[in-house]
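Notes to accompany the following structure.
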Amino acid sequence: MIVDRVARERAENQLLFQAVHEVARDHAGAAVDDVVAALLRNLPPAPRLSGDEVRRIAEQISVGRDPSGL
């Protein structure tokens, strides 16, 4: 059912945003490669992010930004 799928996607996105927020909080200002490693350890399996997306997020975190919006 479409409502179930939407609810599942919303919950998955919330987990993603929370994981990015926690990495941003703990690794702000760290080297990009260190942030990438932390993201790969902490991101939930769904929704999947491409390597480019993970790197872009890591670059933002490494300069002190929190791209999660939380």
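Annotation: side-chain hydrogen bond (donor to acceptor under 3.5 Å, both in side chains) contacts involving residues 32-51, sequence neighbours excluded, comprise Asp33-Arg55, Ser50-Glu53. Listed by first and then second residue, the side-chain hydrogen bond (donor to acceptor under 3.5 Å, both in side chains) pairs that reach into residues 56-65 come to none, sequence neighbours excluded. Within the structure, side-chain hydrogen bond (donor to acceptor under 3.5 Å, both in side chains) contacts touching residues 1-11 (residues at least two apart or in different chains) do not occur. Evaluation of the salt bridge (charged side-chain N to carboxylate O under 4.0 Å, His left out) test over residues 13-27, restricted to residues two or more places apart or in two chains, returns none.
By the side-chain contact (heavy atoms from CB on, under 4.5 Å) test, Leu15 is found to be paired with Pro44, residues two or more places apart in sequence or in another chain being considered. Residues that satisfy the side chain to side chain donor-acceptor pair (under 3.5 Å) test with Gln14, not counting sequence neighbours, are absent from this structure.
Under the 4.5 Å side-chain heavy-atom criterion for grouping Ile, Leu, Val, Met, Phe, Trp and Tyr, Phe17 is not connected to Val35 through any hydrophobic cluster.
Taking all atoms of both residues into account, the shortest heavy-atom contact from Ala58 to Val32 is CB-O, 4.0 Å.
Summarising the geometry, atom CG belonging to Leu49 is positioned 8.5 Å from atom CG belonging to Leu39; distances are rounded to the nearest 0.5 Å.
Counting only heavy atoms from C-beta outward, the side chains of Val36 and Ile57 never approach each other to under 4.5 Å. A heavy-atom distance below 4.5 Å is not found between the side chains of Asp66 and Ile61.
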